[in-house]
K.L.:
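I'd like to ask you about the structure that follows.
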Amino acid sequence: MTVTLRAQEASDTEFLHSLFSDPTAARYWFIEPYLTRADVQTQFERRRGDVTARRFVISDDGADVGIVELVDISPLHRTCEFQIIVAPGNQVADTRRLGRVSCWTTHSGR
C-alpha cells in the first residue's frame, strides 16, 4: 500500500464528481450531493488560480481514494483550514484507534 498526494488536475473532475455526488461523502462536506459534472468542472476552473487554497488527490497504489484541501490560507497569519475526505468505499475501520476515518476539518495556526 503506497499512499501519495498529488495536485488536483482537470482530468480529476470525474473522480471529484463521483465523490461529491455520494450522499455519504457529501454530508461531511456540507454540500448537497447532486452536483453535475459541468458544475464540478466549472468549480475546478474557477479555483485554478486561487492563492488561498491548495487541493490534492489522495492516491492509494495509483487509485484515487480521496482529497485533501488546505483552504483559507493566510500567509500573513500563517494559518489555514485542513480538510480531508476519503471516498466511502475506501474508508477503513481501525477499532484499535479512531473507529472509522472519513472526513474532518480543522483550523491550524499558531
Side-chain angles (χ1 to χ4, degrees):
M1 176 161 122
T2 302
V3 177
T4 58
L5 294 180
R6 61 175 179 75
Q8 284 183 8
E9 301 173 357
S11 60
D12 293 320
T13 54
E14 186 64 33
F15 170 69
L16 296 173
H17 176 261
S18 69
L19 192 60
F20 291 132
S21 61
D22 184 308
T24 304
R27 75 175 178 192
Y28 292 105
W29 219 252
F30 305 107
I31 61 170
E32 297 295 328
Y34 51 80
L35 290 174
T36 66
R37 285 176 178 79
D39 291 339
V40 174
Q41 181 67 35
T42 300
Q43 285 182 1
F44 177 83
E45 293 299 328
R46 188 177 63 234
R47 294 175 174 174
R48 186 173 284 231
D50 186 356
V51 297
T52 65
R54 300 290 182 269
R55 294 175 173 82
F56 305 92
V57 172
I58 306 167
S59 294
D60 182 11
D61 288 331
D64 298 338
V65 298
I67 59 173
V68 172
E69 296 185 353
L70 301 175
V71 296
D72 297 329
I73 297 171
S74 171
L76 176 65
H77 300 292
R78 301 178 60 116
T79 60
C80 71
E81 290 183 14
F82 174 82
Q83 304 176 141
I84 183 171
I85 190 165
V86 176
N90 295 293
Q91 297 171 6
V92 292
D94 184 350
T95 55
R96 294 167 293 161
R97 294 184 7 156
L98 299 175
R100 190 166 179 90
V101 177
S102 56
C103 175
W104 73 88
T105 302
T106 186
H107 177 78
S108 62
R110 292 195 147 157

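What's counted below: heavy atoms across the whole structure, side chains too, no hydrogens, waters or symmetry copies. Residues: numbered from 1 along the sequence shown.
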K.L.:
Could you pull out the closest heavy-atom pair between Phe15 and Ile67, with the gap in Å?
P.N.:
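Residues Phe15 and Ile67, closest heavy atoms: CE2-CG2, 4.1 Å.
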K.L.:
Could you tell me which residues satisfy side-chain hydrogen bond (donor to acceptor under 3.5 Å, both in side chains) with Thr13, sequence neighbours excluded, listed by chain and number?
P.N.:
Gln41
K.L.:
Does one hydrophobic cluster hold both Val51 and Val71, with members joined at side-chain heavy-atom distances below 4.5 Å?
P.N.:
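Different hydrophobic clusters.
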K.L.:
List the residues meeting salt bridge (Lys or Arg N to Asp or Glu O under 4.0 Å) with Arg48, not counting sequence neighbours, and say none if there are none.
P.N.:
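Here the qualifying residues are Glu45.
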K.L.:
Does Asp12 come within less than 4.0 Å of Arg55, counting only side-chain N to carboxylate O?
P.N.:
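No, Asp12 and Arg55 are not salt-bridged.
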K.L.:
So which atom in Ser21 and which in Pro23 form the shortest heavy-atom distance, rounded to 0.1 Å?
P.N.:
O-CD, 3.4 Å
K.L.:
Do you reckon Leu16 sits in the same ILVMFWY cluster as Leu35, going by side-chain contacts under 4.5 Å, direct or chained?
P.N.:
yes
K.L.:
Please list, chain by chain and in numerical order, all residues satisfying side-chain contact (heavy atoms from CB on, under 4.5 Å) with Ser74, sequence neighbours excluded.
P.N.:
Leu76, His77, Thr79
K.L.:
Residues two or more places apart in sequence or in another chain: which of them pass salt bridge (Lys or Arg N to Asp or Glu O under 4.0 Å) with Arg37?
P.N.:
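Glu14.
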K.L.:
Checking Thr52 now: which residues fulfil side-chain hydrogen bond (donor to acceptor under 3.5 Å, both in side chains) with it, not counting sequence neighbours?
P.N.:
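Thr52 satisfies side-chain hydrogen bond (donor to acceptor under 3.5 Å, both in side chains) with Asp50 once adjacent residues are dropped.
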K.L.:
Return the set of residues passing side-chain hydrogen bond (donor to acceptor under 3.5 Å, both in side chains) with Ser18 (not counting sequence neighbours), or none when no residue passes.
P.N.:
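Ser18: no side-chain hydrogen bond (donor to acceptor under 3.5 Å, both in side chains) contacts found.
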K.L.:
Using the rule that Ile, Leu, Val, Met, Phe, Trp and Tyr join whenever any side-chain heavy atoms are under 4.5 Å apart, tell me whether Phe44 and Ile73 fall into a single cluster.
P.N.:
no
K.L.:
Tell me whether Phe20 is reachable from Tyr34 by hopping between hydrophobic residues (I, L, V, M, F, W, Y) whose side-chain heavy atoms are closer than 4.5 Å.
P.N.:
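In one cluster with Tyr34: Phe20, no.
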K.L.:
Identify, with sequence neighbours excluded, every residue that meets side-chain contact (heavy atoms from CB on, under 4.5 Å) alongside Leu5.
P.N.:
Phe56, Ile58, Val68
K.L.:
Using a strict cut-off of less than 4.0 Å between a Lys/Arg side-chain nitrogen and an Asp/Glu carboxylate oxygen, indicate whether Arg6 and Asp64 qualify as a salt bridge.
P.N.:
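Counted as a salt bridge, because a side-chain N and a carboxylate O are separated by less than 4.0 Å.
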K.L.:
Listed by chain and number, what are the side-chain hydrogen bond (donor to acceptor under 3.5 Å, both in side chains) partners of Asp72, not counting sequence neighbours?
P.N.:
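Partners of Asp72 by the side-chain hydrogen bond (donor to acceptor under 3.5 Å, both in side chains) criterion come out as none, since no residue qualifies.
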K.L.:
Can you tell me how far CG of Asn90 sits from CG of Asp60, rounded to the nearest 0.5 angstrom?
P.N.:
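Between atom CG of Asp60 and atom CG of Asn90 there are 7.5 Å.
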